[in-house]
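Structure first, then comments.
Below, chains carry the letters A, B, ... as their sequence lines are ordered, and counting in each starts from 1. Because the structure is a prediction, the values reported are computed rather than measured.
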Protein chains: 2
Amino acid sequence: MTTRERPTLEAVARRAGVSRATVSRVVNGSTTVAAAIREAVNRAVEELGYVPNQAARSLVTRQTDSIALILPETANRVFSDDLFFPAIIRGVGSELEAADKQLVLMMAGSAAGYHRVERYAVAGHVDGVMFASIHGADPLPGLLARRGIPVICSGRPMLADPPVPYVDVDHAGGVAAALQHLITSGRRRIATIAGPQDMVAGLERLTGYRETLGAAGLPSLVAAGDFTRDSGVTAMRALLDQDPDLDAVFAASDLMAHGALQALRDAGRQVPEDVAVIGFDDFEISRYSDPPLTTVRQPIAEAGRVMARQLLRLIAGDPEIDPAIILPTELIIRASA
Amino acid sequence: MTTRERPTLEAVARRAGVSRATVSRVVNGSTTVAAAIREAVNRAVEELGYVPNQAARSLVTRQTDSIALILPETANRVFSDDLFFPAIIRGVGSELEAADKQLVLMMAGSAAGYHRVERYAVAGHVDGVMFASIHGADPLPGLLARRGIPVICSGRPMLADPPVPYVDVDHAGGVAAALQHLITSGRRRIATIAGPQDMVAGLERLTGYRETLGAAGLPSLVAAGDFTRDSGVTAMRALLDQDPDLDAVFAASDLMAHGALQALRDAGRQVPEDVAVIGFDDFEISRYSDPPLTTVRQPIAEAGRVMARQLLRLIAGDPEIDPAIILPTELIIRASA
DNA sequence: TTACGGCCTGAGAGCGCTCCAACAAGGGTA
DNA sequence: TACCCTTGTTGGAGCGCTCTCAGGCCGTAA
């Protein structure tokens with residue numbers, strides 16, 4: 001392995017016969033350098049294979065051109081079966097790539113990991129921090145914001161002190177559209193499989209369900225889930241126990257809807273003839289389930305993209321950041337309802 | 001926003017009434033500091049909320065405690081439908097988390113992104129680099145290695161100059177097991193949907209197919225795919241055109257196998273009665289397809305974990321790094337074959 | 001009492017870069 | 001010819017930290 005000594009600015013300057021400052025200007029694209037000298041410097045850079053030392057540079061500029069994305073889960077949970085995080089990463093990644101920033105991924109499932117994230121951000125390793133999907137009243141976003149670090153959240157944070165700008169989707173609207181579709185097509189005993197109630201997404205979808213059904217004068221029937229497929233199976237069984245005659249189910253996630261599909265099949269119910277099923281997410285796999293899943297599409301990757309864009313503006317010092325951006329959801333009708 | 005001035009070592013030293021060097025010693029856990037002084041320093045650190053500046057630190061130590069994972073695809077392709085990258089990230093992430101290193105994710109789909117990755121690594125922004133799934137004869141791993149940067153690959157790199165250590169799975173063994181299962185159960189016209197031939201995974205699975213069938217004296221029938229579901233649909237149709245009487249298909253990825261399942265259904269074939277289908281990957285979704293997919297399980301997350309572990313050893317200067325680690329694959333028999 | 005280690009602590013020299021103040025050339029104007 | 005810009009370049013300070021080395025203090029032995 002050729003652990004060749006890395007050339008410094010100094011070395012380039014010597015070779016090009018100019019000063020360090022001039023080389024720095026050329027490297028950083030300043031225009032006030034005579035063409036001939038710029039040429040000479042560029043040649044020296046090329047010949048030596050010079051690449052600026054990032055640590056030295058950010059020591060003085062106080063920025064690193066990298067951005068952290070915090071996934072408040074353990075690595076094992078994050079990428080198990082769920083396509084939410086991959087989609088967020090996809091959106092964030094494409095946006096940062098375009099802005100020539102680096103993405104630092106941090107999985108902070110444990111309390112220790114949590115503290116690590118805090119130290120990492122405060123140590124100035126990144127220029128800003130994004131949070132993907134927050135559990136409960138998480139103090140970390142506020143904590144970092146108070147430390148002067150640009151922060152933005154995906155999903156409205158429950159704790160708003162200090163308020164941290166966020167990007168979210170229109171949960172209530174999506175749920176209302178889904179339920180309206182069920183009601184319009186004659187369903188009257190509409191149950192729901194709710195998401196975790198320590199997350200805003202779970203909370204708002206349940207609230208939306210209650211309100212829409214309440215307004216329509218229909219009874220509620222709720223089972224708790226945690227967005228996973230298995231919890232969907234369990235919840236669906238419980239619902240069937242409680243009301244064998246239910247004719248529709250709204251699941252707060254596609255994965256839970258798939259679980260419900262399976263539980264319904266096991267219980268001998270036909271979908272959508274006996275029971276209509278609607279999910280929430282519109283993951284790719286929902287196009288291929290049996291039957292294909294009717295679901296509320298939420299633009300996850302787009303949320304990631306917007307979140308990244310907002311953070312970049314925040315870092316650039318733009319004073320006019322929307323404190324909240326809500327992206328629209330859309331009901332995608334397939335065969336299951 | 002409280003952009004409070006970040007305290008420096010100097011400030012802590014003043015407050016604790018000691019020198020900078022002593023504070024540094026305490027912060028870095030040196031034992032040669034008197035207990036009373038250590039106490040005082042720790043108190044000062046606490047009171048000031050001191051966190052060492054990472055840039056300054058790595059300027060002198062020449063290490064950053066972060067590691068890059070390069071995904072040689074565009075962000076949009078990486079997380080589309082595929083569960084390969086999420087699984088790799090999961091493995092790598094859990095291992096790095098345990099080692100208290102940070103994961104920097106880089107998507108290098110374009111040529112520009114490519115150059116960016118190189119500069120980034122050479123700039124000393126990371127202590128080492130991992131490559132996930134390499135296309136063709138990619139020069140980048142070798143290039144970085146020659147620059148003295150610790151590098152490791154997931155999947156055997158086609159270009160081995162200089163040789164870069166890698167972690168891969170036993171493609172040939174998995175394919176052989178799959179085909180043996182088909183042959184044993186009486187299948188005689190076994191087609192394959194091959195993966196992209198610019199990737200070792202695609203190449204080796206096709207080679208395995210040819211060799212096993214050749215040894216059994218059975219004819220080959222090959223259609224090309226690119227690991228995606230859509231390519232599986234197309235390839236399956238082509239195979240059916242070429243040999244309407246084929247009785248089995250081995251797809252080089254689960255996604256292609258799902259596509260094949262769909263195309264077979266559309267063509268009125270029963271799986272597994274008319275045509276047996278076997279995939280490769282064992283993604284979660286394959287447990288839930290119709291029928292559940294028989295497939296070759298490859299331990300992707302484990303490969304990520306091993307890769308991270310190897311890189312960490314490489315960075316630590318361990319001279320005895322296995323140039324290649326091959327993880328076992330396993331045939332998972334479900335209903336489709 | 002003096003000499004001599006052993007232990008801690010402090011001073012100071014960088015790490016490689018940016019950026020500011022200062023200065024060297026030209027070229028135009030009075 | 002003297003003077004003032006403008007344009008381009010340089011030296012040097014300083015970012016916050018680590019680490020080497022010299023030196024202070026103390027106990028022990030001679």
Side-chain angles (χ1 to χ4, degrees), chain A residues 3-42 44-45 48-65 119-127 147-148, chain B residues 3-42 44-45 48-65 119-125 127 148:
Chain A
T3 315
R4 190 167 37 184
E5 199 69 26
R6 280 182 201 146
T8 69
L9 247 204
E10 185 69 47
V12 176
R14 256 201 316 273
R15 182 168 195 118
V18 297
S19 76
R20 237 174 31 248
T22 300
V23 178
S24 175
R25 251 177 275 123
V26 172
V27 169
N28 293 299
S30 164
T31 49
T32 69
V33 177
I37 294 197
R38 184 169 28 214
E39 280 291 286
V41 170
N42 279 329
V45 165
L48 261 40
Y50 170 74
V51 174
N53 178 314
Q54 180 57 36
R57 180 176 271 181
S58 51
L59 179 56
V60 42
T61 61
R62 285 153 185 299
Q63 60 160 27
T64 61
D65 292 334
R119 282 181 57 90
Y120 190 78
V122 174
H125 221 307
V126 289
D127 298 339
R147 280 275 204 168
Chain B
T3 315
R4 191 166 40 187
E5 200 67 25
R6 279 181 202 147
T8 69
L9 247 204
E10 185 69 46
V12 176
R14 255 200 316 274
R15 181 165 195 120
V18 297
S19 74
R20 238 174 31 247
T22 301
V23 177
S24 175
R25 256 177 248 129
V26 171
V27 168
N28 293 299
S30 162
T31 49
T32 68
V33 176
I37 293 196
R38 182 166 32 213
E39 281 290 287
V41 170
N42 280 329
V45 165
L48 263 39
Y50 170 75
V51 175
N53 177 314
Q54 180 57 35
R57 182 177 268 180
S58 49
L59 179 57
V60 42
T61 60
R62 281 149 187 304
Q63 58 160 29
T64 62
D65 291 335
R119 283 182 56 89
Y120 190 79
V122 174
H125 221 308
D127 297 341

### Task
With a 4.0 Å heavy-atom cut-off, tell me which residues in residues 12-22 of chain A come close to DNA chain C, sorted by residue number.
A:Arg20, A:Ala21
#### Entry: Straight-line distance of B:Arg57 CZ to B:Ser24 OG, nearest 0.5 Å
7.5 Å
### Shortest side-chain distance from A:Tyr50, nucleotide among C:dC17, D:dG16, D:dT9
C:dC17
### Message
Nearest whole Å is fine: how far is D:dC19 C1' from B:Leu9 CG?
### Response
13 Å
### Message
Quick check for you: to the nearest 0.5 Å, what is the distance between A:Leu48 atom CG and A:Leu9 atom CG?
### Response
11.0 Å
### Query
For the pair made of CZ in B:Arg6 and C1' in D:dC17, what is the distance, rounded to whole Å?
15 Å
### Query
Between atom CG of B:Leu59 and atom CD of B:Gln54, what is the distance when rounded to the nearest 0.5 Å?
11.0 Å
### For atom CZ of B:Arg25 and atom P of C:dT9, their distance in whole Å
7 Å
### Atom pair CG/NE2 of A:Asp65 and B:His125 - distance to nearest 0.5 Å
7.0 Å
### Task
Using atom CG of B:Asn28 as one end and atom P of D:dC19 as the other, report the distance to the nearest whole Å.
7 Å
### Query
Taking CZ from A:Arg57 and P from C:dC15, how many angstroms apart are they, rounded to a whole number?
19 Å
### Message
Would you say A:Asn53 places a side-chain N or O within less than 4.0 Å of OP1 or OP2 belonging to C:dC15?
### Response
no
### Query
In whole Å, what is the span from the CG atom of A:Leu59 to the C1' atom of C:dG14?
12 Å
### Task
Determine, step by step, whether B:Thr8 and B:Asn53 satisfy the side-chain contact (heavy atoms from CB on, under 4.5 Å) criterion, reporting the C-alpha distance in whole Å, the side-chain angles of both residues, the deciding distance to 0.1 Å, and the verdict.
CA-CA 8 Å; B:Thr8 69; B:Asn53 177 314; over 6 Å; no
### Task
Indicate the atoms forming the closest heavy-atom contact of A:Ala121 with A:Val126, along with that distance.
CA-CG2, 4.2 Å
### Query
In terms of the nearest nucleotide of DNA chain C, which residue is placed more toward the 5' end: B:Ala56 or B:Ala34?
B:Ala34
### Message
Would you say that B:Arg25 contacts B:Thr22 through its side chain, given a criterion of any heavy-atom pair below 4.5 Å between the two side chains?
### Response
yes
### Query
Separation of B:Arg38 atom CZ from C:dC8 atom C1', in whole Å?
12 Å
### Message
Is there, by distance only and without an angle test, a donor paired with an acceptor across the side chain of A:Arg62 and the base of D:dG16 below 3.5 Å?
### Response
no
